[in-house]
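Structure first, commentary second.
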Amino acid sequence: MESKYNNIITGKTRFPEITALFAFVRARERRVMDREEVLKALDAGSKNFSDFVVHISKFDIGSYIASEIKIEPSTPPRIFESVALKFFEQEAKMIRDYTPKPCSDIIELFLEKYDAYNIISVINSLRTHSKPLHLIPIGKIAELNILDKLETAKTEEEVLGIAKQCGLYWILKSLEKSPSEFSIICSYFSELKKLCKDLKPSMNTMKAIEHLVNTYMLERSVLFLIENKAPPTEFLLCTPHEISEAFRDLTRAIDKLKYHYFDIMKKIEPYIKKTKEDFIYLRFLIEDYAYTKALELLSTDVLSFDSVLRYVALREYEARLVSLAYTALYLGKARKVLEVLSS
């Protein structure tokens, strides 16, 4: 497949196969469970849990989850989320396999992001001598069936060896220089931006990628605010200037972030200084802000590789949002989440 499309010039040359890909993506997009439908499911589930299951089962993602696990009020959220994200991976891989480079490389990087999360989780657990958080079964490590090997790694050298075995070269660069959560994430975003430039996408697509990157950095900043501490210097070096500048004075950080990110900060500020149990509201608001704006920016032109990336981002948003909806039901916070999102 790759050799067949190697000489395609993105945005200029059209082939029947590529036109068919765009049409296929457009058709698949109609099967996505959008934000409105997820909130309908959440509303129904807040009254009767079985209605949540019935509603999500009308969509591809819901029927897939129901076929893999028994969806009950007591099912741990991490199990539900893992299956939802496996569905996203399945969709992303299907599109990737019919997409020429460098667009297929960008889709692959969307999946490798979860390798980064898993490696970060294990490195943090080794440094704090604690058990790793639940690892997400997506990415090259999971594909090679060595996620258990990563989870039981005893040293950071073992983690490095696993990254090498999986050919995660962008992760290796950061691990060899400065093995930390922020160096890995910064390396990821640098690679993503580089691939996007190779694709020569529309200006709106570059803005969408920048928005997703900046929102992630903002979310991490909010976590530091919850703990009332300044982020480490290595993190601030990766952030947009407005975030690093805001943390020059921790006591004024919220006000400064509100100046640059008024829309989202106005919504999440009431929950920043509350208990960690309220983090579910922050997650909903930030995920909503990240993906809604990015999807608005991404092209919906049926004859554009931007639309392929839009579909992958849309499927990821679907998986993350339906997982958060289930978590809200599990925690008994569904009604409050609906109030927060409608305010």
[X] atom [atom1], over 12 foreign heavy atoms within 6.0 Å:
| X | atom1 | value |
| --- | --- | --- |
| Arg252 | CZ | no |
| Lys93 | NZ | yes |
| Lys140 | NZ | yes |

Would you confirm whether [X], through its side chain, and [Y], through its main-chain N or O, come within 3.5 Å as a donor-acceptor pair?
| X | Y | result |
| --- | --- | --- |
| Ser121 | Asn118 | no |
| Glu318 | Met33 | yes |
| Ser187 | Trp170 | yes |
| Glu316 | Phe88 | no |
| Thr215 | Leu212 | no |
| Ser221 | Met217 | yes |

Check [Y] with [X], please: is the shortest side-chain N to carboxylate O separation under 4.0 Å?
| X | Y | result |
| --- | --- | --- |
| Lys86 | Glu68 | no |
| Glu91 | Arg31 | no |
| Arg315 | Asp60 | yes |
| Asp43 | Arg335 | yes |

Do [X] and [Y] land in one hydrophobic cluster if side-chain heavy atoms of ILVMFWY residues count as linked below 4.5 Å?
| X | Y | answer |
| --- | --- | --- |
| Tyr216 | Ile264 | yes |
| Ile286 | Val38 | yes |
| Leu172 | Ile123 | yes |
| Phe247 | Tyr259 | no |
| Val54 | Phe59 | no |

Please name the pair of heavy atoms, one in [X] and one in [Y], separated by the smallest distance, quoted to 0.1 Å.
| X | Y | answer |
| --- | --- | --- |
| Phe24 | Ile95 | CE2-CD1, 3.8 Å |
| Thr99 | Ser104 | O-CB, 3.2 Å |
| Ala84 | Ile65 | CB-CD1, 3.9 Å |
| Val25 | Ser307 | CG1-O, 3.8 Å |
| Asn48 | Ser50 | OD1-OG, 2.8 Å |
| Ile69 | Ile79 | CG2-CG2, 4.1 Å |

Distance from [X] atom [atom1] to [Y] atom [atom2], nearest 0.5 Å?
| X | Y | atom1 | atom2 | answer |
| --- | --- | --- | --- | --- |
| Ile209 | Ile106 | CD1 | CD1 | 7.0 Å |
| Leu329 | Ile71 | CG | CD1 | 11.0 Å |
| Phe87 | Ser323 | CZ | OG | 12.0 Å |
| Glu191 | Lys194 | CD | NZ | 4.5 Å |
| Leu147 | Ile136 | CG | CD1 | 9.5 Å |
| Leu321 | Asp34 | CG | CG | 9.5 Å |

With side chain to side chain contact (heavy atoms under 4.5 Å, CB included) as the test, would you mind laying out the steps for Ile141 and Ile119 before giving the verdict? CA-CA 10 Å; Ile141 298 173; Ile119 285 173; 4.0 Å; yes
Derivation and outcome, side chain to side chain contact (heavy atoms under 4.5 Å, CB included), residues Met265 and Leu218: CA-CA 10 Å; Met265 288 301 296; Leu218 179 63; 4.2 Å; yes
Heavy-atom side-chain contact between [X] and [Y] under 4.5 Å:
| X | Y | value |
| --- | --- | --- |
| Val122 | Leu135 | yes |
| Lys266 | Glu269 | no |
| Val308 | Ile107 | yes |
| His134 | Pro76 | no |
| Leu298 | Leu314 | no |
| Tyr311 | Val32 | yes |
| Cys166 | Ile146 | yes |
| Glu219 | Arg283 | yes |

Intermediate values then yes/no, salt bridge (charged side-chain N to carboxylate O under 4.0 Å, His left out), Glu37 and Lys40: CA-CA 5 Å; Glu37 292 297 340; Lys40 281 182 184 177; 3.6 Å; yes
Would you say the rings of Tyr281 and Phe284 are close, in the sense that their centroids are separated by under 6.0 Å?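 That pair fails the under 6.0 Å test.
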Test Asp288 against Tyr317 for side chain to side chain donor-acceptor pair (under 3.5 Å), laying out the working first. CA-CA 8 Å; Asp288 205 35; Tyr317 178 44; 2.6 Å; yes
According to the interplanar angle, ranging from 0 to 90°, do the rings of Phe305 and Phe22 count as parallel (below 30°), tilted (30 to 60°) or perpendicular (above 60°)?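 If you compare the ring of Phe305 with that of Phe22, the planes turn out perpendicular.
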Can you classify the ring geometry of Phe49 versus Phe52 as parallel (below 30°), tilted (30 to 60°) or perpendicular (above 60°)?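 Ring orientation, 0 to 90° scale: tilted.
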The residue among Tyr291, Tyr261, Tyr289 that forms ring pair (Phe, Tyr, Trp, His ring centres under 6.0 Å) with His211 is Tyr289
Could you go step by step and tell me if Tyr326 and Thr75 meet the side chain to side chain contact (heavy atoms under 4.5 Å, CB included) rule? CA-CA 9 Å; Tyr326 173 77; Thr75 303; 3.2 Å; yes
In sequence, state the C-alpha distance, the side-chain angles, and the governing distance for Ile56 and Ile61, and then conclude on side chain to side chain contact (heavy atoms under 4.5 Å, CB included). CA-CA 7 Å; Ile56 68 171; Ile61 189 169; 5.8 Å; no
